[in-house]
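Notes to accompany the following structure.
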Amino acid sequence: MKLIRINLKTNSIIQEEIDINSEYFLFGARGLTSNIISNEVNPHVEPLSSENKLIIANGLLAGSPFPNSARTSVGAKSPLTNGIKEANVGGRGAMMLARYGIRGIILESISDSLKVIIINEKQVELKNAQEYEGLGNYELHSKLKSKYGDKIGIYSIGPAGEHLMKSATVAANDLEGYPSRHAARGGLGAVMGSKKVKAIVILPPKVSNVPMHDLKKFRETSTPFAKVLAETKQAFSTFGTPMMMKGMSGYGALPTKNFRMASFEKIAKISGEALHDMVIKRGGKKRLACSPTCVIKCSNLVVDENGKHITSSLEYETMCLNGSNLMIDDLESLAWIDHYCDDVGIDTIEYGGTCGVAMDSEKMKWGDSERVIEILNEEIRNNTKIGKIYGNGVKHIGQLLNAKRVPQVKGQGLSAYDPRVMKAMGVTFATSPMGADHTSGAAIVSRVPRQDREYGEYLDDEHKLDLSFELQVYTAVMDSMGCCYFIGPSYENMELIASALNAMYDLELTRKDVIEIGINILKTEIEFNRKAGITQEMNDVPDFFKREESNPHPLKFTFDKSELLNFWKRLEAHEY
Ligand code: SF4
């Protein structure tokens, strides 16, 4: 496997081999992005300066038949959190890069003019991209497909990335060909925009350079696992993440009205079941895979009443932050908000949180979906003064408006889980080196990292620090493999990953070795953040979650500050 290092100032493109003796041999995806940032980026650099680097990497299991293993990690020093950041995404690119024998691409410095990077059988080349300047992701992808063919893989930025907005995403095209998948969190699209790279286009490889030592042995692990996942995730496949709308409202944990409440009286109108019925009735699609090798297929494709594509895939976090959180109660508006976020290249979670603060500060009316869409499609797209206010995230607008209720941690907006109720998720928000990112350790009600341990009732604090910690470690492993965490960040699955890696790379790893991959990634990230000024003292949620009770459960966030301060000492004393 190799790394492609592209200096956008000098146009130099260098290939670096990753073999068994390389320091990066056992680093994939998040493990690779975080280690390269730690080794090569000064923690004090300004995130949108030429000294920052953007790394795009696939996982250690990419290119293999391991289920759900073709995700891409995008990493850099984040303009939103000012710390280390990784966001991962489905789409086509990871599998294609793996087949070219490419594990990662490092973008360095800043180009003089807008560029597109083309990867084909013969070479990696930089091309002028002036013709694509200012385009939304939909038009951009359509033009790139006309030029390079329908089967290309794409990573790209929309206008928000070009305008260096701190909520900007890196888009990837899905298996239906739409720019619907986004490495959304942390403003990594702004880092790509700062380098003046509009898109990376990967032409389909003709042969595969994926290493596979013993395919038969590999399949002895991956095939039964894929079968179990396909059989046991049927409801999730049918309804996808939107099924959590009703569930979270019922649990009293659904952020509503800028986290003033945690259940929504009009939930039936924007539930996963309502979305399912709308999609089926209009002839949209369900049970879609967002990337190759996915056996769960939780994605959807939403069409209008004439059967024309609006968006794909409409997910729980988008529906919650832009639905109940803004008191918007119609699915049509939510589908269009998702569409315009994808087109301009803005994180739906950060945007919903930002609008929530604006509505709470009476700058917008609750439920005003037209204005929410107008800000995306006109203000952010055209980089107006208002666009800059709404494109730079929850913390930014909170400071501008001197708001008292600003749901963010370490600069990143809270995702769709009330931390007073979803206790372990609250711990993840408070402690993750990524800021308030649910994907770092998604402690939802049913998810436990070990079957042989007790984690207490979801409304109690008991065992929730350990629950969050274990999920964060196992999730770091999954992220490093390029695997979707819906296959289960669990102690049990660490054994399967060890077996798969051994068969693929001719290794003799144990479960303990694999867990240490996750522990080392977290140590690296925490140390980078410490040097960057993102310290353990910042492990906390905003004060209003400690002051105000949630509703309907009269609960506050009650973890002791010292418990959060010392949370990561568990990395030194972890029991395998
Ligand atoms: S389970 Fe869903 S999010 Fe995960 S890889 Fe499959 S389609 Fe994508």
Side-chain angles (χ1 to χ4, degrees), residues 3 5-9 16 23-24 27 29-57 73-88 104-110 164-168 170 183 185-195 350 392-393 395-396 408-413 428-437 439-440 472-473 476 479-480 517-540 564-569 571-572:
L3 276 174
R5 188 181 293 273
I6 303 175
N7 186 304
L8 291 147
K9 181 81 184 158
E16 297 168 11
E23 65 173 314
Y24 293 136
F27 293 116
R30 174 175 166 188
L32 189 61
T33 63
S34 288
N35 273 281
I36 292 174
I37 294 160
S38 167
N39 288 342
E40 300 188 14
V41 175
N42 181 334
H44 300 289
V45 301
E46 205 286 302
L48 301 180
S49 71
S50 68
E51 286 80 25
N52 200 5
K53 300 189 183 189
L54 186 84
I55 298 107
I56 291 174
S73 285
V74 183
K77 182 176 176 182
S78 161
L80 203 61
T81 68
N82 230 15
I84 203 162
K85 186 69 203 162
E86 181 265 358
N88 59 69
I105 301 169
I106 306 173
L107 302 184
E108 299 179 340
S109 198
I110 288 180
L164 310 184
M165 291 179 178
K166 292 180 183 174
S167 311
V170 176
R185 309 241 62 197
L188 300 175
V191 180
M192 190 157 155
S194 74
K195 310 225 161 285
E350 199 70 35
N392 281 310
K395 184 180 175 187
H396 178 72
Q408 61 84 26
V409 176
K410 298 177 187 139
Q412 183 161 255
T428 297
F429 288 160
T431 58
S432 166
M434 300 290 160
D437 188 339
T439 68
S440 302
Q472 290 196 62
V473 170
D479 290 346
S480 179
I517 291 175
I519 286 176
N520 287 330
I521 290 170
L522 284 158
K523 282 183 179 171
T524 300
E525 292 169 347
I526 289 162
E527 179 58 9
F528 181 92
N529 277 0
R530 185 189 66 75
K531 292 180 190 159
I534 313 296
T535 63
Q536 297 304 295
E537 282 76 30
M538 295 166 78
N539 288 349
D540 212 343
L564 300 172
L565 183 72
N566 294 313
F567 178 82
W568 287 114
K569 289 196 173 149
L571 287 170
E572 307 300 338

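What you see below is based on every heavy atom in this structure, not just the backbone, and it leaves out hydrogens, waters and symmetry mates. Owing to the predicted nature of the structure, the values given are computational and were not obtained by experimental measurement.
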Would you check if the side chain of [X] reaches a backbone N or O of [Y] as a donor-acceptor pair within less than 3.5 Å?
X	Y	value
Arg30	Ala57	no
Arg185	Ala436	yes
Thr524	Asn520	yes

Separation between [atom1] of [X] and [atom2] of [Y], rounded to the nearest 0.5 Å:
X	Y	atom1	atom2	value
Asn566	Thr431	CG	OG1	12.5 Å
Glu525	Lys523	CD	NZ	13.0 Å
Asn539	Phe567	CG	CZ	8.0 Å
Asn7	Arg5	CG	CZ	9.5 Å
Thr439	Gln472	OG1	CD	10.0 Å
Thr535	Ile526	OG1	CD1	12.0 Å

Show the nearest heavy-atom pair for residues [X] and [Y], with the distance to one decimal.
X	Y	result
Asp437	Phe429	N-CD2, 3.9 Å
Pro433	Asn529	O-ND2, 3.0 Å
Asp479	Ala29	O-CB, 2.9 Å
Val74	Ala183	CG2-CB, 3.7 Å
Ser432	Lys410	O-NZ, 3.0 Å
Ser480	Ile517	OG-CG2, 3.9 Å

| said: Determine whether Phe27 and Ile36 satisfy the following criterion, side chain to side chain contact (heavy atoms under 4.5 Å, CB included), listing intermediate values before the conclusion. | reply: CA-CA 10 Å; Phe27 293 116; Ile36 292 174; over 6 Å; no
| said: Run Asn39 and Glu23 through side chain to side chain contact (heavy atoms under 4.5 Å, CB included) and show every step you take. | reply: CA-CA 11 Å; Asn39 288 342; Glu23 65 173 314; 3.4 Å; yes
| task | Evaluate the salt bridge (Lys or Arg N to Asp or Glu O under 4.0 Å) criterion for residues Glu51 and Lys77: first the C-alpha distance (whole Å), next the side-chain angles of each, then the deciding distance (0.1 Å), finally the verdict. | result | CA-CA 10 Å; Glu51 286 80 25; Lys77 182 176 176 182; over 6 Å; no
| task | Would you check, one step at a time, whether the test side chain to side chain contact (heavy atoms under 4.5 Å, CB included) holds for Ile55 with Ile106? | result | CA-CA 5 Å; Ile55 298 107; Ile106 306 173; 4.2 Å; yes
| task | Using a strict 4.0 Å threshold on nitrogen-to-oxygen distance, state whether Lys166 and Glu350 make a salt bridge. | result |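 Salt bridge: no.
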| Test: Glu527 and Arg530 ion pair at under 4.0 Å | yes
| task | Under the salt bridge (Lys or Arg N to Asp or Glu O under 4.0 Å) rule, collect the residues that match up with Lys53, sequence neighbours excluded. | result |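 Lys53 satisfies salt bridge (Lys or Arg N to Asp or Glu O under 4.0 Å) with Glu40, Glu108 once adjacent residues are dropped.
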| message | Taking side-chain contact (heavy atoms from CB on, under 4.5 Å) as the criterion, tell me which of Val191, Asn392, Asn52, Leu164 meets it with Pro79. | response |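 Testing Pro79 for a side-chain contact (heavy atoms from CB on, under 4.5 Å) against Val191, Asn392, Asn52, Leu164 leaves exactly one candidate, Val191.
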| request: Applying side-chain hydrogen bond (donor to acceptor under 3.5 Å, both in side chains), run through Thr81 and Gln412 and close with a yes or a no. | output: CA-CA 6 Å; Thr81 68; Gln412 183 161 255; over 6 Å; no
